[in-house]
Amino acid sequence: MKKIITLLFVLAQTINLFGQNHRISDKLVITQLTDKTYIHTCNNGNGIIFISNNQALIISTPDSDIETQNLIDWVTNEKKSQIVAYVADRWHPDAMEGLDVVQQNGIKTYACELTRQIAKTKGLPVAEFGFYPKIEIQVGTEKVVCNYLGEAHTKDGIVAWIPCEQILFGGNEIRNFNGWIGNIGDACLGKWSETAEKIRNEYGSAQIVVPGHGEYGGPELIDYTIKLYETCKTETGVNNKNIPLQTIKDVFYVKAESDITNGEKRILKNAVVVVRDSAKYVKIESPEIVSRPDMSRLSSELGRLKIYDKNQDSVTLRIDVNFKNLNIYKLDDYVGLVVILREITDNNQ
């Protein structure tokens, strides 16, 4: 009986160890998944740390230079491990904002060639080593597989597979259970579900799936993502056609039945709003659009959304959907307009 009690006590301690949070700073939290794998989370953005035989690999950086250095210091000093590789899983700042800090620490940096190309175009730091579509990186006695399986949240996003742990880092290709479609400002809605199906075919045996944002789970998160975007595979969900550039002339355009400013809110009734950044136009049609007076943030509970890619002589209609709960704001000159949706509804309604 004593042996059984002792065994249960040790098992309980082990279970408690995994899933524990270690707060490194006010913003940076480390969650231990297994004895070798950890999630690092900053401002709800997730990344992975994998450690084997005192060697470590980091996937995704926190969204600031300071927290990236804090993460490096924690792995180096607390875990006594040499960081042999860092992988940027996409070009957005919540995945590679701290890339220059990683490089200043003399750590080898990797990214999909598509990510490297986008970074070069936007004048962002560029990872030292590129791969397409897949690379295996040795970490101690184990390996981590980084794989590009198609367009989804962005054109370049990858997933990472840890075979010895059966853990999949889905990045922003995989969504968590929070009911939000997510940021679609640079998304490929028509391909997202198809890409998630490829991820399921390749890594559906995963015991743990870590999304780019929110709580981790199991392979059910992959199925959830497939269903979340499968309506966008139809022609009515996403239309692609060229439109003459002169049809969308203004940097900022508002047409509304009424336009009332009330304190810090600007309320547009039965409105059409067009905004743009260096790469795209966004058009919102809604019974009501609420914003700040300077229109730097827009929100709407219901309406129709169109996103156009800008070309030299024309614009291409890339996304055309009805929505519930929309928020739009400009993050910075590199990312441009961030478009966040809670739900896409049937375009025939």
Side-chain angles (χ1 to χ4, degrees), residues 23-31 38-50 56-76 83 85-131 146 148 152-160 169-176 182-187 210-214 277-279 296-297 327-340:
R23 183 164 290 280
I24 308 307
S25 70
D26 289 341
K27 295 183 178 180
L28 180 61
V29 175
I30 307 295
T31 302
Y38 304 77
I39 302 174
H40 64 82
T41 304
C42 184
N43 292 326
N44 197 40
N46 296 328
I48 287 288
I49 308 162
F50 177 70
L57 174 145
I58 298 175
I59 300 172
S60 192
T61 68
D63 60 3
S64 76
D65 289 351
I66 292 173
E67 300 302 346
T68 298
Q69 188 61 58
N70 286 338
L71 178 62
I72 292 169
D73 292 343
W74 183 82
V75 174
T76 303
I83 304 170
Y86 159 73
V87 182
D89 62 287
R90 59 192 184 280
W91 71 268
H92 277 176
D94 55 347
M96 56 173 278
E97 176 69 24
L99 179 59
D100 51 347
V101 172
V102 176
Q103 292 173 332
Q104 289 164 15
N105 279 265
I107 299 167
K108 290 182 179 179
T109 55
Y110 298 79
C112 175
E113 281 296 344
L114 294 173
T115 304
R116 282 164 44 87
Q117 290 170 15
I118 293 172
K120 288 176 183 177
T121 300
K122 292 182 173 291
L124 298 169
V126 180
E128 182 181 4
F129 300 101
F131 63 88
C146 299
Y148 173 76
H153 170 68
T154 58
K155 293 181 179 180
D156 63 316
I158 65 165
V159 299
F169 177 65
N172 273 24
E173 316 309 280
I174 300 300
R175 310 306 295 177
N176 70 306
N183 175 17
I184 64 165
D186 299 300
V210 181
H213 297 275
D277 60 24
S278 61
S296 60
R297 284 179 178 265
N327 289 279
I328 298 177
Y329 62 93
K330 187 172 182 180
L331 184 63
D332 55 39
D333 290 336
Y334 297 115
V335 176
L337 293 171
V338 175
V339 183
I340 303 175

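FYI, the numbering just counts along the sequence from 1.
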To the nearest 0.5 Å, tell me how far [X] [atom1] sits from [Y] [atom2].
X      : Y      : atom1 : atom2 : result
Leu114 : Lys155 : CG    : NZ    : 9.5 Å
Thr115 : Leu124 : OG1   : CG    : 11.0 Å
Ile48  : Ile58  : CD1   : CD1   : 11.0 Å
Asp94  : Ser64  : CG    : OG    : 12.0 Å
Asn172 : Asp89  : CG    : CG    : 7.0 Å
Trp91  : Gln117 : CH2   : CD    : 14.0 Å

Heavy-atom count around Asp332 CG within 6.0 Å, excluding the residue itself: above 12?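 Enclosed: over 12 neighbouring heavy atoms sit under 6.0 Å from CG of Asp332.
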
Would you list the pairs meeting ring pair (Phe, Tyr, Trp, His ring centres under 6.0 Å) in which at least one residue belongs to residues 97-123, sequence neighbours left out?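 Sorted result for residues 97-123: Tyr110-Phe129.
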
Contacts of Tyr38 meeting ring pair (Phe, Tyr, Trp, His ring centres under 6.0 Å) (sequence neighbours excluded), chain-then-number -> Trp74

The ring pair (Phe, Tyr, Trp, His ring centres under 6.0 Å) partners of His92 (sequence neighbours excluded) come to His153

Should [X] and [Y] count as side-chain neighbours, where that means a heavy-atom distance under 4.5 Å?
X      : Y      : result
Lys27  : Asn43  : yes
Val102 : Ile72  : yes
Tyr86  : Met96  : yes
Phe131 : Cys146 : yes
Ile24  : Leu71  : no
Ile184 : Ile340 : no
Ile118 : Arg90  : no
Val87  : Ile158 : yes

Looking only at non-hydrogen atoms, find the nearest pair between [X] and [Y] and report the distance.
X      : Y      : result
Gly182 : Arg175 : CA-NH2, 3.3 Å
Pro125 : Leu99  : O-CD2, 3.4 Å
Ser25  : Glu67  : OG-OE1, 2.7 Å
Gly98  : Thr68  : CA-OG1, 3.4 Å
Ala160 : Ile59  : CB-CD1, 3.2 Å

Going by an N to O cut-off under 4.0 Å, is there a salt bridge joining Asp26 and Arg23? no

Within the side chain of [X], is there an N or O that forms a donor-acceptor pair under 3.5 Å with the backbone of [Y]?
X      : Y      : value
Asn176 : Pro211 : no
Gln103 : Val126 : yes
His40  : Ser60  : yes

Residue pairs, two or more places apart or on separate chains, that pass salt bridge (Lys or Arg N to Asp or Glu O under 4.0 Å) and touch residues 97-114: Glu113-Arg116

Please identify each residue that fulfils side chain to side chain donor-acceptor pair (under 3.5 Å) with Asp65, with sequence neighbours left out.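 Side chain to side chain donor-acceptor pair (under 3.5 Å) check on Asp65 returns nothing, list empty.
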
Asp63: partners by salt bridge (charged side-chain N to carboxylate O under 4.0 Å, His left out), with sequence neighbours left out: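 Salt bridge (charged side-chain N to carboxylate O under 4.0 Å, His left out) list for Asp63, sorted by chain: empty.
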
